[in-house]
Undergrad: 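What follows is a structure written as structure tokens; I'll ask about it next.
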Protein chains: 2
Amino acid sequence: MKNPFDNLDKVLEHRVRLQIMSVLVTNDGYEFSSLKEILGVTDGNLASHIKALEREKYISVSKSFVDRKPNTKYKITERGRNAFKKHLDALEAVVKQQK
Amino acid sequence: MKNPFDNLDKVLEHRVRLQIMSVLVTNDGYEFSSLKEILGVTDGNLASHIKALEREKYISVSKSFVDRKPNTKYKITERGRNAFKKHLDALEAVVKQQK
DNA sequence: AAAAAGAACTTTGGGATGCAAAGTTAAGCA
DNA sequence: TGCTTAACTTTGCATCCCAAAGTTCTTTTT
């Protein structure tokens with residue numbers, strides 16, 4: 001049996017990024033401002049974590065204007081969904097190992 | 001209902017330290033050399049992660065000589081056991097949220 | 001048309017973290 | 001007295017993280 005620790009995803013080992021993915025996996029298209037509110041981080045900080053996820057192609061971006069204001073929405077990609085699932089499975093295995 | 005992400009433990013968000021705790025929680029008194037072998041890290045790197053756990057008083061150290069060689073054993077503390085459990089519970093809640 | 005405002009960034013600066021490799025220490029052996 | 005080994009400690013460098021400040025783009029106000 002494989003070591004579940006080997007299946008942890010480096011990028012998703014950070015709380016903020018894990019939480020972003022966790023929101024996006026069940027909400028198809030989530031706004032920057034809402035993410036910021038939920039996570040309680042500064043906008044610059046959030047932008048950098050989002051960028052890290054974009055770099056990995058775990059999420060995609062679409063920009064538009066809503067109510068005359070810029071509105072950015074993020075969606076999880078198939079690749080992101082798989083990575084997230086794999087990471088969660090690894091976490092689950094780690095947890096299970098201890099029970 | 002509380003946000004499980006808030007219960008994640010900063011110190012245990014690192015793979016190596018999580019794995020050390022995971023070994024120690026079920027093995028009472030584990031050697032430096034065995035840990036090094038299991039984790040596949042350099043000895044200096046391992047020592048620094050161990051130090052981080054010691055700083056938090058999550059583990060304790062006992063040194064002796066076995067077969068005329070230095071032998072260092074680590075044990076999880078009660079505080080460490082609680083922290084580990086809390087962290088795992090948080091992880092479990094995160095996982096469960098998605099299923 | 002110029003100024004102001006707001007959302008979403010980007011940059012900056014500084015501190016913490018992570019790592020491998022090299023150096024150190026203590027005990028025992030030759 | 002050197003040599004070896006385990007277990008560190010130090011060093012040097014790269015990466016990461018964060019808040020705060022600055023920037024861009026579009027729309028609104030004047």
Side-chain angles (χ1 to χ4, degrees), chain A residues 5-6 8-24 27 29-76 83 87, chain B residues 5-6 8-24 27 29-76 83 87:
Chain A
F5 291 91
D6 294 341
L8 293 174
D9 187 323
K10 185 95 198 309
V11 178
L12 302 182
E13 263 177 87
H14 192 288
R15 183 191 317 225
V16 170
R17 291 187 298 261
L18 186 61
Q19 200 167 357
I20 292 172
M21 293 297 278
S22 152
V23 168
L24 292 186
N27 298 277
Y30 217 75
E31 297 170 25
F32 184 90
S33 57
S34 309
L35 274 177
K36 187 184 154 188
E37 195 179 336
I38 283 188
L39 301 182
V41 293
T42 58
D43 55 353
N45 194 199
L46 175 57
S48 83
H49 284 301
I50 282 175
K51 202 166 191 182
L53 293 172
E54 269 187 80
R55 252 196 311 272
E56 295 290 324
K57 301 211 166 52
Y58 284 180
I59 64 178
S60 64
V61 191
S62 59
K63 303 187 180 205
S64 64
F65 270 75
V66 175
D67 287 340
R68 325 268 150 90
K69 290 178 193 168
N71 178 280
T72 308
K73 282 193 172 171
Y74 301 97
K75 285 175 69 172
I76 197 166
H87 186 71
Chain B
F5 291 91
D6 294 342
L8 292 174
D9 187 324
K10 186 93 200 309
V11 178
L12 301 181
E13 264 178 87
H14 193 287
R15 182 188 319 222
V16 170
R17 291 188 297 263
L18 186 61
Q19 201 167 358
I20 292 171
M21 293 297 279
S22 152
V23 168
L24 292 186
N27 298 277
Y30 217 74
E31 297 170 26
F32 184 89
S33 57
S34 308
L35 274 178
K36 186 183 152 188
E37 194 180 335
I38 283 188
L39 301 182
V41 293
T42 58
D43 56 354
N45 194 199
L46 175 56
S48 83
H49 284 301
I50 283 175
K51 202 167 192 181
L53 293 172
E54 269 187 80
R55 252 196 310 271
E56 296 289 324
K57 300 212 166 50
Y58 284 180
I59 64 178
S60 65
V61 191
S62 59
K63 303 187 179 205
S64 65
F65 272 74
V66 174
D67 289 340
R68 322 267 150 89
K69 289 178 191 167
N71 178 278
T72 308
K73 282 193 174 171
Y74 301 97
K75 285 175 68 172
I76 197 167
H87 186 72

Undergrad: Measure from the side-chain heavy atoms of Tyr74(A) and tell me the nearest of dT9(D), dA19(D), dC9(C).
TA: dC9(C)
Undergrad: Taking only the side-chain nitrogens and oxygens of Thr72(B), find out if one of them lies under 4.0 Å from OP1 or OP2 of dC8(D).
TA: yes
Undergrad: What are the two closest non-hydrogen atoms of Phe32(B) and Leu46(B), and how far apart are they?
TA: O-CD2, 3.7 Å
Undergrad: Any base atoms under 4.0 Å from Lys63(A), or only sugar-phosphate, or nothing? Heavy atoms, all strands.
TA: sugar-phosphate
Undergrad: Any base atoms under 4.0 Å from Ser33(A), or only sugar-phosphate, or nothing? Heavy atoms, all strands.
TA: sugar-phosphate
Undergrad: Taking the side chain from Glu13(B) and the backbone from Arg15(A), do they hold a donor-acceptor pair closer than 3.5 Å?
TA: yes
Undergrad: Taking only side-chain N and O atoms of Asn45(B), does any of them lie within less than 4.0 angstrom of OP1 or OP2 on dC19(C)?
TA: yes
Undergrad: Short of 4.0 Å, heavy atom to strand atom, which residues of residues 16-24 of chain A count as contacting DNA chain C?
TA: none
Undergrad: Between Phe65(A) and His14(A), just flag the one whose closest nucleotide in DNA chain D comes earlier from the 5' side.
TA: His14(A)
Undergrad: Looking at dC18(D), I'd like to know if its phosphate oxygens (OP1 or OP2) sit under 4.0 Å from a side-chain N or O belonging to His49(A).
TA: yes
Undergrad: Report the nucleotide, chosen from dA20(C), dC8(D), dA8(C), that has the shortest atom-to-atom distance to any side-chain atom of Thr42(B).
TA: dA20(C)
Undergrad: Closest to the Pro70(A) side chain: dA7(D), dA20(C), dG6(C)?
TA: dG6(C)
Undergrad: Would you kindly compare Ala52(B) and Gly44(B) by the position of their nearest DNA chain C nucleotide and give the one closer to the 5′ end?
TA: Ala52(B)
Undergrad: Using only side-chain N and O atoms of Lys51(A), determine if any of them is under 4.0 Å from OP1 or OP2 of dT10(C).
TA: yes
Undergrad: Tyr58(B) and side-chain contact (heavy atoms from CB on, under 4.5 Å): which partner among Ile76(B), Ile20(B), Leu24(B), Asp9(B)?
TA: Asp9(B)
Undergrad: To check you understand the geometry: which heavy-atom pair defines the closest contact between Ile59(A) and Tyr74(A), and what is its length?
TA: CD1-CD2, 4.2 Å
